[in-house]
Every structure is written in C-alpha cells, then in structure tokens.
S.K.: 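If you scroll down you'll find the structure; I have some questions about it.
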Amino acid sequence: MKTVLVPMNEAGGLDSMLSCATVLARRFSSHVEGFYQRRSLPDIMAAGAAEAASSALLDDLARRDDEAAGRARSRFETALDGHSRTWQEEAARHLDISERARAFDLAVVGRPTGASDSPSMSTLEAVLFESGRPILVAPPQELDDFGTNIAILWNGSTETARTIAMGMELLTRAERVLVVTVEGAFVPGPSAAEIADGLARHGLSVESAVRQQGRRSAGEAMLAEAAAFGANLVFKGGYTSSRLRQMILGGPTNHILAESTLPVFMAH
C-alpha cells in the first residue's frame with residue numbers, strides 16, 4: 001500500500017476519507033495523492049445554457065471552481081501534513097478518477113449515505129469496476145486507526161478471493177483475523193476453514209467461523225459477526241451477484257455499503 005489515491009471532489013465524508021488515508025500513510029509510509037477533477041460547464045449549468053452564457057458568468061464559474069479546488073487542496077495538505085503527498089488537478093473529463101486509480105495500489109472513497117452532500121456511489125462503483133485496483137470505503141466518521149482486527153466476510157467467491165489477495169499487506173500487519181461465513185450467503189468455493197488455513201501459512205493469527213443467518217439478512221449477519229469479533233476493518237468482495245440484481249432484490253454488498261460503520265476493503 002505504498003501509493004494511495006484520494007478523490008477530492010467529495011463534500012460530505014471527505015474528513016473521514018482523509019483520516020483513513022493518513023492511517024495508511026503512517027502504517028505503510030505511503031505516498032498519497034489528492035486528485036481533484038474540475039467540472040465541465042455541462043456539469044454546473046443547465047443544458048443549453050453554456051452557449052448563451054456571458055463571459056462574465058463563465059469567469060464567475062471558473063473562479064468558483066478555483067476556490068473549491070483551493071479549499072480541497074488546503075484540507076488535503078493539512079490532513080497529510082508530514083507525510084509524502086502530491087496534489088493533482090485534471091481538466092474536466094480529461095482523465096477520469098477510475099483511470100487515474102490504475103496507477104495506485106489503493107483508492108480511498110467515501111461511503112454513500114443518501115445525504116445531499118453524500119459521497120458519490122458513481123465514484124465508488126467507477127473505481128471498483130474500472131480501475132482494476134482495490135478500494136477502501138471510508139465510513140462517515142473519522143478514524144484514528146484501523147486494521148488491527150480484520151474480519152473477512154467469506155462467501156466462497158472469486159471477488160472475495162481477489163480482495164484477500166490484494167489485501168495481503170493489510171492482513172500480514174493485523175493482530176487478529178477472522179474468516180467468517182454466513183450460511184445461506186455462499187457460492188461454490190473453499191470453506192472458511194480452508195481460507196484460514198491458507199492465511200495461517202503466511203504467519204497470520206487467524207480463526208474461522210460459520211454462523212447462522214437466522215432472521216437477519218446476509219448483510220446484517222455479516223456486519224453483526226464482524227462487530228462481535230471486534231473488527232475495525234472488513235474485507236468484502238464487491239458484488240458477487242450483479243449490481244442490477246442487488247438493486248432490485250437487495251444483497252450483502254448493498255447493505256454493507258449502506259450501513260457499515262467500519263472501513264471496508266473491497267475489490268471486484
């Protein structure tokens with residue numbers, strides 16, 4: 001985790017994202033980049049208005065974007081003071097955040113909350129699906145530390161196996177690791193015990209468990225088991241079922257992205 005990317009256009013959740021990036025910088029001596037993507041006129045004006053806009057209005061919009069970028073940069077540099085860092089600004093639509101993330105070990109994104117200034121689900125999904133890199137989903141609240149106790153929400157899937165492989169640097173520095181499976185939320189694959197045995201060969205202090213879902217949804221059961229373990233970081237494969245299916249029928253990924261108070265390390 002030597003290189004970390006933080007998208008800086010978010011409003012709500014930005015302090016939490018920066019706190020997570022700071023923890024990573026401290027633990028791994030990571031280099032952190034703050035990435036600010038400037039908005040195009042269609043993003044900030046009604047359709048068709050750009051052509052009719054006066055030069056004074058265009059200048060005012062440009063000034064506001066400059067001010068927003070300046071505020072974001074100030075927050076970034078204050079949070080990462082004393083750590084290796086760079087600031088990157090891109091012209092509108094020149095380089096998307098998911099494309100930029102391909103050059104980094106990890107991107108820190110905010111958890112969407114439904115509030116008017118919530119971090120963007122489109123940003124989260126773009127980086128998750130299009131960067132080829134893992135993401136760390138920061139919860140709404142700021143964190144002083146995380147990653148000492150890790151709960152792997154194992155469902156047998158390719159996505160979760162990939163998450164584990166991409167997160168080995170985090171796992172090898174953890175004090176305790178739990179591989180937990182919730183019955184009824186599993187696809188054909190190795191058992192939790194088999195995954196735990198493999199991780200133990202890396203010298204990890206790891207245990208496994210299989211829990212009943214009961215009357216809870218799979219996502220509720222997963223988060224409850226992580227909390228019971230005392231986890232301060234969760235590993236979860238992103239969207240074993242399709243996004244459309246989860247949107248219509250619900251699913252563990254959607255629930256965890258909507259409700260988790262813990263940071264979530266995720267890959268697809």
Side-chain angles (χ1 to χ4, degrees), residues 1-10 13-37 72-73 75-90 95-111 119 123-124 126-139 142-152 159-177 198-199 201-206 231-238 262-268:
M1 303 300 167
K2 297 299 263 186
T3 56
V4 176
L5 181 68
V6 183
M8 292 296 300
N9 296 76
E10 310 288 9
L14 186 55
D15 289 337
S16 174
M17 293 161 60
L18 290 171
S19 73
C20 286
T22 301
V23 171
L24 293 169
R26 183 172 65 241
R27 182 168 299 168
F28 296 101
S29 299
S30 306
H31 177 86
V32 182
E33 178 174 292
F35 181 89
Y36 186 89
Q37 187 169 25
R73 181 169 187 170
R75 293 173 72 179
F76 173 78
E77 293 182 343
T78 298
L80 274 299
D81 184 38
H83 299 285
S84 177
R85 67 185 191 273
T86 51
W87 178 259
Q88 176 78 9
E89 291 183 27
E90 286 291 342
L95 182 66
D96 186 81
I97 182 66
S98 62
E99 297 165 346
R100 183 63 182 159
R102 295 169 192 163
F104 292 80
D105 298 327
L106 175 70
V108 179
V109 300
R111 176 169 78 74
T123 297
L124 186 157
V127 180
L128 178 65
F129 285 99
E130 298 174 22
S131 71
R133 300 291 189 168
I135 62 174
L136 182 73
V137 184
E142 295 182 55
L143 300 172
D144 294 325
D145 198 16
F146 62 85
T148 54
N149 293 353
I150 299 176
I152 299 173
E159 292 80 11
T160 309
R162 188 175 293 120
T163 301
I164 293 170
M166 290 183 170
M168 284 303 297
E169 286 185 86
L170 288 162
L171 289 167
T172 55
R173 297 196 183 205
E175 298 172 7
R176 301 169 62 222
V177 177
L199 291 174
R201 296 184 185 279
H202 290 270
L204 277 65
S205 175
V206 58
N232 53 20
L233 176 62
V234 167
F235 273 39
K236 173 72 175 72
L262 301 174
V264 181
F265 183 82
M266 183 175 286
H268 178 70

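As a basis for the values below, the full set of heavy atoms in this structure was taken, side chains included, without hydrogen atoms, waters or symmetry mates.
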S.K.: Roughly how far, to the nearest 0.5 Å, is CG of Asp96 from CZ of Phe35?
M.R.: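 Result: 7.5 Å between the selected atoms.
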
S.K.: With no hydrogens and no angle check, is any side-chain donor or acceptor of Ser30 less than 3.5 Å from a backbone partner on Leu24?
M.R.: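 Yes, the answer is positive, given that a donor and an acceptor are paired below the 3.5 Å cut-off.
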
S.K.: Check the pair Leu5, Ile97 against side-chain contact (heavy atoms from CB on, under 4.5 Å), reporting the backbone distance first and the verdict last.
M.R.: CA-CA 9 Å; Leu5 181 68; Ile97 182 66; 3.5 Å; yes

S.K.: When rounded to the nearest 0.5 angstrom, what distance separates NE2 in His268 from CD in Glu130?
M.R.: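 Reported value, rounded in 0.5 Å steps: 11.0 Å.
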
S.K.: How many angstroms lie between CZ in Arg85 and CD in Glu77, if you round to the nearest 0.5 Å?
M.R.: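 Answer for the CZ-CD pair, Arg85 versus Glu77, is 5.0 Å.
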
S.K.: Find out whether Ser16 and Pro139 are in side-chain contact, i.e. whether some heavy atom of one side chain is under 4.5 Å from a heavy atom of the other.
M.R.: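 They are in side-chain contact.
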
S.K.: Determine yes or no for a side-chain-to-main-chain donor-acceptor pair under 3.5 angstrom, with Thr172 supplying the side chain and Glu169 the backbone.
M.R.: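 Such a contact is found between Thr172 side chain and Glu169 backbone.
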
S.K.: For the atom pair NE2 (His83) and CG (Asp81), what is the distance rounded to the nearest 0.5 Å?
M.R.: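 Separation between the atoms: 8.0 Å.
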
S.K.: Looking at His31, is its backbone amide N or carbonyl O close enough to the side chain of Lys2 to form a donor-acceptor pair, meaning the two atoms are under 3.5 Å apart?
M.R.: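 Not at all, since once roles are kept as given, no pair shorter than 3.5 Å links the two residues.
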
S.K.: Please examine the side chains of Met8 and Leu18, heavy atoms only from C-beta on, and report whether any two atoms are closer than 4.5 Å.
M.R.: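 With C-beta onward as the side chain, the pair touches.
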
S.K.: Checking Arg173 side chain against Gly147 main chain: does a donor-acceptor pair fall under 3.5 Å?
M.R.: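 Side chain of Arg173 to backbone of Gly147, a donor-acceptor pair under 3.5 Å: no, none is there.
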
S.K.: Show the nearest heavy-atom pair for residues Pro263 and Leu136, with the distance to one decimal.
M.R.: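 Smallest interatomic distance, heavy atoms only, reads CB-CD1, 4.1 Å.
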
S.K.: Of the non-hydrogen atoms in Thr163 and Phe265, which two are nearest, and what is the gap between them?
M.R.: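 Closest approach of Thr163 to Phe265, heavy atoms only: O-CE2, 3.3 Å.
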
S.K.: Can you name the closest pair of heavy atoms from Ala21 and Val6 and give their distance?
M.R.: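 Heavy atoms of Ala21 and Val6 come nearest at CB-CG2, 3.8 Å.
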
S.K.: Where is the tightest heavy-atom contact between Arg27 and Asp145, given as atom of each residue plus distance?
M.R.: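 Smallest interatomic distance, heavy atoms only, reads NH2-OD1, 2.6 Å.
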
S.K.: Can you tell me how far the CZ atom of Arg75 sits from the CG atom of Leu14, to the nearest 0.5 Å?
M.R.: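 That separation rounds to 4.0 Å.
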
S.K.: Grab the two heavy atoms, one from Gly13 and one from Pro119, that are nearest each other, plus how far apart they are.
M.R.: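 That would be CA-CG, 4.2 Å.
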
S.K.: Checking the side chain of Arg133 only, and the main-chain atoms of Asp105 only, is there a donor and an acceptor separated by less than 3.5 Å?
M.R.: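 A pair under 3.5 Å: no.
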
S.K.: Which atom pair, heavy atoms only, marks the closest approach of Ser19 to Glu142?
M.R.: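 Heavy atoms only, the tightest pair is OG-CA, 3.6 Å.
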
S.K.: For Phe146, which residues count as a ring pair (Phe, Tyr, Trp, His ring centres under 6.0 Å) partner, sequence neighbours excluded?
M.R.: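 Expected list: none.
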
S.K.: Scan Glu90, Glu89, Glu33 and name whichever one has a salt bridge (charged side-chain N to carboxylate O under 4.0 Å, His left out) with Arg100.
M.R.: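 Of the listed residues Glu90, Glu89, Glu33, the salt bridge (charged side-chain N to carboxylate O under 4.0 Å, His left out) partner of Arg100 is Glu33.
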
S.K.: Hey, does the side chain of Asn232 reach the backbone of Asn149 with a donor-acceptor pair shorter than 3.5 angstrom?
M.R.: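 Pair found, side chain donor or acceptor close to backbone of Asn149.
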
S.K.: Partners of Ala231 by side chain to side chain contact (heavy atoms under 4.5 Å, CB included), sequence neighbours excluded?
M.R.: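 By the side chain to side chain contact (heavy atoms under 4.5 Å, CB included) rule, Ala231 matches Ala151, Ala226, Phe229, Leu262.
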
